[in-house]
Amino acid sequence: MMSNLSRQRFRSAIFIVLLCFILSIRVPVIVIQWEDGKELLFDSFQLKWIHSVEKEEWIELYEREGDELVLKKTYFKTFGAGIPYDEKGTTVKDGYVVMDIDHTYDELLLTISENVKTTIVLMEKEIPLYKFIESYETATVSVHRLSVFTIMWEGLN
């Protein structure tokens, strides 16, 4: 028969083993990385910028599906060279042409620029990348499998 102290130690050991197991589980997370830092974006984000030729705002909506990024929609105000005009799922909303895309990427390479105001929108919070990343520096957006511990640690820092 176990003493109360032995039972308590056994419960504590089980708790520690379960906690270590849970914290080591790896989950897919969208990560944007640049030379001096990184940010966790989790499951979806918007990418905004000012088009260099048209001088109009463009917005792209990305979602994580498994270990890939999927461009779901694009919002723009004017059609330019190379933009399909007869894409199914194209509507107009609030002055923007909204186009359903559903194109998959392993990663995105973004050239950050103050001229085009490269910005990430995450849960309605704007992260103006051009304000803290040097102009013409490249940032990479991709899916990483991170441990729950790593996600919690980076969220605290």
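Keep in mind that this is a model prediction, so the values were computed, not measured.
- Under the ring-ring contact (aromatic ring centres under 6.0 Å, His included) criterion, His51 pairs with Trp58, sequence neighbours left out.
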Result block: side-chain N/O donor-acceptor pairs under 3.5 angstrom for residues 9-34, not counting sequence neighbours:
{"unit_1": "Ser12", "atom_1": "OG", "unit_2": "Gln8", "atom_2": "O", "d": "3.0"}
{"unit_1": "Ser24", "atom_1": "OG", "unit_2": "Cys20", "atom_2": "O", "d": "3.2"}
{"unit_1": "Ser24", "atom_1": "OG", "unit_2": "Phe21", "atom_2": "O", "d": "2.9"}
{"unit_1": "Arg26", "atom_1": "NH2", "unit_2": "Arg145", "atom_2": "O", "d": "3.2"}

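- Put simply, CG on Asp100 and OG1 on Thr91 are 7.0 Å apart, with the number rounded to the nearest 0.5 Å.
- How far CG of Leu71 is from CD1 of Ile101: 5.5 Å, rounded to the nearest 0.5 Å.
- Counting heavy atoms of neighbouring residues, nucleotides and ligands inside a 6.0 Å radius, atom CD of Glu68 exceeds 12 of them.
- For the residue pair Gly95 and Lys77, the shortest heavy atom distance occurs at O-CG, 3.6 Å.
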Pair up each side-chain donor or acceptor in residues 104-113 with any protein partner under 3.5 Å, not counting sequence neighbours, and list the distances.
{"unit_1": "Ser113", "atom_1": "OG", "unit_2": "Asn115", "atom_2": "N", "d": "3.0"}

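- Tracing side-chain contacts under 4.5 Å through hydrophobic residues (I, L, V, M, F, W, Y), one never reaches Trp49 starting from Val98; they form parts of separate clusters.
- Lys131 contributes no side-chain N or O that, together with a main-chain N or O of Pro128, makes up a donor-acceptor pair within less than 3.5 Å.
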message = Apply salt bridge (Lys or Arg N to Asp or Glu O under 4.0 Å) to residues Glu57 and Lys48 and explain how you reach the verdict.
response = CA-CA 7 Å; Glu57 182 177 62; Lys48 293 176 29 174; 3.5 Å; yes

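- Taking NE2 from His103 and OH from Tyr62, the interatomic distance works out to 9.0 Å, rounded to the nearest 0.5 Å.
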Step-by-step side-chain contact (heavy atoms from CB on, under 4.5 Å) determination, Thr118 to Leu47 = CA-CA 7 Å; Thr118 313; Leu47 176 62; 4.2 Å; yes

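- Through side-chain heavy atoms spaced under 4.5 Å, either directly or across other Ile, Leu, Val, Met, Phe, Trp or Tyr residues, Val70 is tied to no other residue.
- Scored by the side-chain contact (heavy atoms from CB on, under 4.5 Å) test, Asp43 finds Arg64 as partners (sequence neighbours excluded).
- Note that the CD1 atom of Ile127 and the OG1 atom of Thr119 stand 9.5 Å from one another [nearest 0.5 Å].
- Side chains of Val141 and Phe45 form a contact here, defined as non-hydrogen atoms less than 4.5 Å apart.
- Every residue meeting the side-chain contact (heavy atoms from CB on, under 4.5 Å) condition with Glu134, not counting sequence neighbours, appears here in chain and number order: Glu137.
- A distance of 11.5 Å separates NZ in Lys73 from CD in Gln46, rounded to the nearest 0.5 Å.
- Connection of Ile50 to Leu129 is not established within any shared hydrophobic cluster, with ILVMFWY side chains joined at heavy-atom distances below 4.5 Å, either directly or through further cluster members.
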inquiry  = Test side-chain contact (heavy atoms from CB on, under 4.5 Å) on Val97 and Thr90; report intermediate values, then the result.
reply    = CA-CA 7 Å; Val97 176; Thr90 300; 3.6 Å; yes

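- Linking Ile, Leu, Val, Met, Phe, Trp and Tyr whenever their side-chain heavy atoms come within less than 4.5 Å leaves Met99 and Leu61 in two separate clusters.
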Trace of the salt bridge (Lys or Arg N to Asp or Glu O under 4.0 Å) decision for Lys72 with Asp102 = CA-CA 5 Å; Lys72 297 304 251 181; Asp102 206 36; 3.1 Å; yes

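- The shortest distance between side-chain heavy atoms of Tyr96 and Ile59 falls below 4.5 Å.
- Side-chain atoms of Phe132 and Asp36, non-hydrogen and from C-beta on, never get closer than 4.5 Å to each other.
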